[in-house]
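Note that these values count all heavy atoms, side chains included, but never hydrogens, waters or copies made by symmetry.
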Amino acid sequence: MAPRKGTRRACDPCSVRKVRCNGDHPCSRCIAASWECTYLKTHGKSGPKGPRRTTEAAIRRLQERNRSDIGRSRSESEASIDDGSPSIIDFPLLDSLPPTSDPDYDARLNGIDWPDTIASPTFPGAQREPERISISSVGHYLDIYQTRGYAIWPVVDTEALLARILTHQEDMEAYGLSMAVCAATISQFQIDAESGSAVEGHYRISSGLFEMEAKRARKAFDHMEHVTIWSLLSSFFLHVYSANIGRMSASTVFLGEAITKAHMIGLHQLSYYQPIDVEQQQHNLRIYWLLFITERAHSIQHDMPIMLRRAPDLPPLEDLKDGTVTPAFVQLCRLFNILDMTITAGPSGARQALALAQQQLNDDVASQSLNNEIQRADISITQQWMRVFLWQHALSVTNLRSTNENDEFSFSFPAKVAQNVLRYMSSLSRESLEAHGPGMETKLFDIANSLADVMICVPAINHESHFWIGPRDLIHSLSSLLASFRGGNPAVIRILQEKLTTLGLWVSSPQKLIDISSSEDEHEDWGGNQRSLVWSENVLIPPMQEFPSRMNTTL
C-alpha cells in the first residue's frame, strides 16, 4: 500500500537519491526515471540532488535486499532506528558537552567513560552486536558538509557514501569515513556548541562520539593494511577534527598518515592517473591537491617537515562545471603552487622569485570576484598570509631595508599587508572567517605577529600612517579580532598581549584586548575617540584614527 497523502516517508528510489518524494504510488520522480517505485524501508531526511551513475545500482540493491523482509512489521513513525541495520540507534542528546579543546575529550563525554563499542540491549537467544549511529543522523551532518564544508574539502561524494552505507551495511570502511566526515564537520562549524534537542527525528550527536565510531570502524576493517582512497580520506578528516579541538600532535599524525597512504596509492605519480577515466582522475587530483595545500599550511604554521612533494607533471586540475570542484579551490591550489615554487628556488634566483611571487599574490581581482563569502574569505586572507610568509622568507635569503621602492623588501611591508587584510574584512562576516577553523586564526596571528615584531625592532615605522591609519591602529585591530575569534586562543592572545605591552598599548585582560561590539552605540571611547574594531551587521569596520602612544583599557 502506498503511504497516505502528505506523509513524510519517501519511496526507496527517492530516499537513496536524497530528493523530495510526493508520496504517490508510483511517485512522479520514479515515473520520470522509469524506476520501480517501492516503499520497503523507513527513510530519513532528504538531501543533495542527484542522480549519479552509482545511484540506480544502489536503488536496485536496496530493493532486492528488502523484498525478503517485506513481511516484517514496520513502525510508521519517523524514529531513526533503521530496520535493516544491525543494532542502529540514535544516541541521546548530550545536554552539557565538555570543552572541545580538552585533550582528554576523546576519552570522556560528560564525565562518562564510553566503551569502544556502545552497549546494546540483549535478548534471550539474540547475538550481541555493536550499535551504530543511524543513517538519518549521519545524513543530517553529511547534508551540512555538503552545504557548508564541500567548498572547503571537495573530496567526498555524500550521495554515493550514503548509498554505500545503506546498501552495504557490513562495509565498515564506508561507515568509518562517514563518521570521520561528520566529526570534522561538527567541530569545524562548532555545531557542538549549538543548543537544541531532537532535530529532524534524531538527536544531535557530539563530534567526539562520531570520532570514536570512526576509530572503531577503521580498526574493524584494518585501515592500516587495506589502504584505499576512502581509508586515506578518513585519516584526513580525523586530522581536521583533531586540529579543530586543539590536539595538534594527533592532527599532525593523522595528516602524515593520510599523505603516506597517498604515496602508497600513487597519487603523486602520473602513471596512476593515465588508465582511469576523467571523472575519477579529477576526483583523485582534488585529493592530492587538498593534501598538498593542507600540508604546506600545516608545515609553515607548526614547523613540520614536508612529505608530499610537488608533482608538476600531473594532469591539470580542472573545473568540469559539474559542481564537483569550484574555481576557488583551483585558485587556492594555484596559490600554494606559487608559494612552493618560490621557497624552493635556488639562492641565485631567490630575490627574483620572491619579487615575482609577490607580484602574483598582489593580484586580488580573482579572489574579490568570488560570490561565495566563505571562499572569498579563504582566498583573500590566505593570499595576504602568503605575502607575509614570503617576506619573512626574504629575511634569510636577501637584504631588506627600512626604506625601499620595492615594498616587498622593506620593513614596512607587514603594515601594508595588515591594512589589506582589514580592508578585505570590511566585506566579510565573522562567520565566513570562523568557518575555516584554527587555520584561519593562525594566518591572522602570523600577520599580526610579523607587524608587531617590525614595530618593536624598527620603531621609526610606528609613526607612519596612510589615510590616518598607522601601524598602531592596525596591530590593535588585528589583536582585537583574534581575541574574539572562536572564543580566543589563549596562547595567541598571550603572545600578542606581551608585544602590545612592549609597544605601550597596555591591556588588562588577555581574553579581551579591546571591546568588539555589535552596534556603534556600544563602542568604548578613550579620550573622546572611538577605537574599537566593530562588527556591525556582520561587517568588520577598521578604525580610522591613530591611537595614543599609551593606552590603559579597563575591562
Side-chain angles (χ1 to χ4, degrees), residues 150-155 236 240 255 259 267-268 282 285-302 304 306 308-319 325-345 350 352-394 407-408 413-414 416-418 420-421 423-425 427-428 432-433 435-447 450:
Y150 188 84
I152 303 173
W153 317 296
V155 290
F236 172 79
V240 174
L255 180 58
I259 292 171
L267 294 185
H268 62 301
Q282 286 296 311
L285 278 170
R286 292 199 300 275
I287 296 173
Y288 166 83
W289 280 108
L290 181 62
L291 292 175
F292 182 88
I293 64 180
T294 301
E295 187 191 30
R296 291 304 183 272
H298 189 84
S299 170
I300 292 170
Q301 294 170 348
H302 302 286
M304 297 297 299
I306 291 173
L308 188 62
R309 300 297 177 184
R310 186 174 73 256
D313 59 341
L314 295 185
L317 182 64
E318 300 175 357
D319 179 8
V325 65
T326 64
F329 183 76
V330 177
Q331 186 177 349
L332 191 64
C333 295
R334 171 181 166 273
L335 293 178
F336 274 91
N337 193 52
I338 292 173
L339 179 70
D340 194 72
M341 292 175 63
T342 306
I343 62 179
T344 55
Q352 182 179 358
L354 284 165
L356 177 60
Q358 292 287 4
Q359 181 182 358
Q360 293 171 320
L361 294 172
N362 189 41
D363 183 6
D364 62 356
V365 174
S367 63
Q368 295 307 298
S369 63
L370 295 170
N371 294 324
N372 186 299
E373 187 181 356
I374 291 179
Q375 294 173 347
R376 190 168 69 251
D378 188 19
I379 299 296
S380 298
I381 304 304
T382 298
Q383 210 162 333
Q384 297 304 311
W385 169 73
M386 286 181 176
R387 299 187 75 194
V388 162
F389 172 75
L390 290 180
W391 176 85
Q392 294 172 340
H393 180 67
D407 286 339
E408 62 267 22
F413 185 69
K416 179 180 179 180
V417 171
N420 288 340
V421 167
R423 175 168 59 86
Y424 293 142
M425 287 183 181
S427 63
L428 298 172
S432 67
L433 295 171
H436 298 285
M440 178 64 75
E441 184 177 20
T442 303
K443 291 172 185 176
L444 293 171
F445 167 73
D446 287 345
I447 295 169
S450 295

**OP:** Taking Ser450 for its side chain and Ile447 for its backbone only, find out whether a donor-acceptor pair lies under 3.5 Å.
**Re:** no
**OP:** Using a 4.5 Å cut-off on heavy atoms from C-beta on, say whether the side chain of Trp385 contacts that of Gln301.
**Re:** yes
Subject >> Main-chain N/O of Met341 paired with Thr344 side-chain donor or acceptor, under 3.5 Å >> reply: yes
**OP:** Step by step, work out the side-chain contact (heavy atoms from CB on, under 4.5 Å) result for Leu314 and Leu285.
**Re:** CA-CA 8 Å; Leu314 295 185; Leu285 278 170; 4.2 Å; yes
**OP:** Without swapping roles, check the side chain of Tyr424 against the backbone of Gln384 for a donor-acceptor pair under 3.5 Å.
**Re:** no
**OP:** Identify the two heavy atoms, one from Gln375 and one from Ala151, that lie closest to each other, and give their separation to 0.1 Å.
**Re:** NE2-CB, 3.3 Å
Original post:
What's the spacing between Arg296 CZ and Ile300 CD1 if we round to 0.5 Å?
Top reply: 8.5 Å
Original post:
How long is the span from the CG atom in Asp446 to the CD atom in Glu441, to the nearest 0.5 Å?
Top reply: 11.0 Å
Subject >> Aromatic ring pairing Phe292/Trp289, orientation class (parallel under 30°, perpendicular over 60°, tilted between) >> reply: perpendicular
Original post:
Within a strict 4.5 Å, meaning less than it, do heavy atoms of the Asp378 and Ile152 side chains meet?
Top reply: no
Original post:
Ignoring hydrogens and geometry, is there a side-chain-to-backbone donor-acceptor pair from Glu295 to Leu308 under 3.5 Å?
Top reply: yes
Subject >> Side-chain heavy-atom pair Gln383, Ile379 within 4.5 angstrom cut-off >> reply: yes
Original post:
With distance as the sole test, does Gln282 use its side chain to make a donor-acceptor pair with the main-chain N or O of Glu318 at under 3.5 Å?
Top reply: yes
Original post:
Could you state the interatomic distance from CG (Leu290) to SG (Cys333), rounded to the nearest 0.5 Å?
Top reply: 8.0 Å
Original post:
Does Ile374 offer a backbone N or O that forms a donor-acceptor pair with the side chain of His436 under 3.5 Å?
Top reply: yes
**OP:** Heavy atoms only: give me the nearest Ala357-Ile338 pair and the separation to one decimal.
**Re:** CB-CG2, 4.0 Å
**OP:** Give a yes or no answer on whether the side chain of Arg286 reaches the backbone of Val155 with a donor-acceptor pair at less than 3.5 Å.
**Re:** no
Original post:
For Arg376, does its backbone N or O pair with a side-chain atom of Ser367 as donor and acceptor, under 3.5 Å?
Top reply: no
Subject >> Separation between CZ of Phe236 and CG of Leu291, rounded to the nearest 0.5 Å >> reply: 6.5 Å
Original post:
Which atom names give the shortest non-hydrogen contact between Glu373 and Ser427, and what distance separates them?
Top reply: OE2-O, 3.8 Å
Subject >> Verdict with reasoning, Leu390 to Glu408, per side-chain contact (heavy atoms from CB on, under 4.5 Å) >> reply: CA-CA 9 Å; Leu390 290 180; Glu408 62 267 22; over 6 Å; no
**OP:** May I have the step-by-step check of side-chain contact (heavy atoms from CB on, under 4.5 Å) for Ile293 and Phe329, ending in yes or no?
**Re:** CA-CA 10 Å; Ile293 64 180; Phe329 183 76; 4.1 Å; yes
**OP:** Of all the heavy-atom pairs spanning Ala297 and Phe336, show the shortest one and how long it is.
**Re:** N-CE2, 3.9 Å
Original post:
Which atom names give the shortest non-hydrogen contact between Leu433 and Met425, and what distance separates them?
Top reply: CD1-CE, 4.2 Å
Subject >> Residue Asp313 excluded, over 12 heavy atoms near CG under 6.0 Å >> reply: yes
Original post:
How many angstroms lie between atom CG of Asp364 and atom CZ of Arg423, to the nearest 0.5 angstrom?
Top reply: 6.0 Å
Subject >> Test log, rule side-chain contact (heavy atoms from CB on, under 4.5 Å), inputs Leu354 and His393 >> reply: CA-CA 9 Å; Leu354 284 165; His393 180 67; 4.0 Å; yes
Subject >> For Leu361 against Arg387, the heavy-atom pair lying closest together >> reply: CB-CG, 3.7 Å
Subject >> Nearest-0.5 Å distance, CZ of residue Arg309 to CD1 of residue Ile259 >> reply: 10.5 Å
Subject >> Atom CD of Gln368 with >12 non-hydrogen neighbours under 6.0 angstrom >> reply: yes
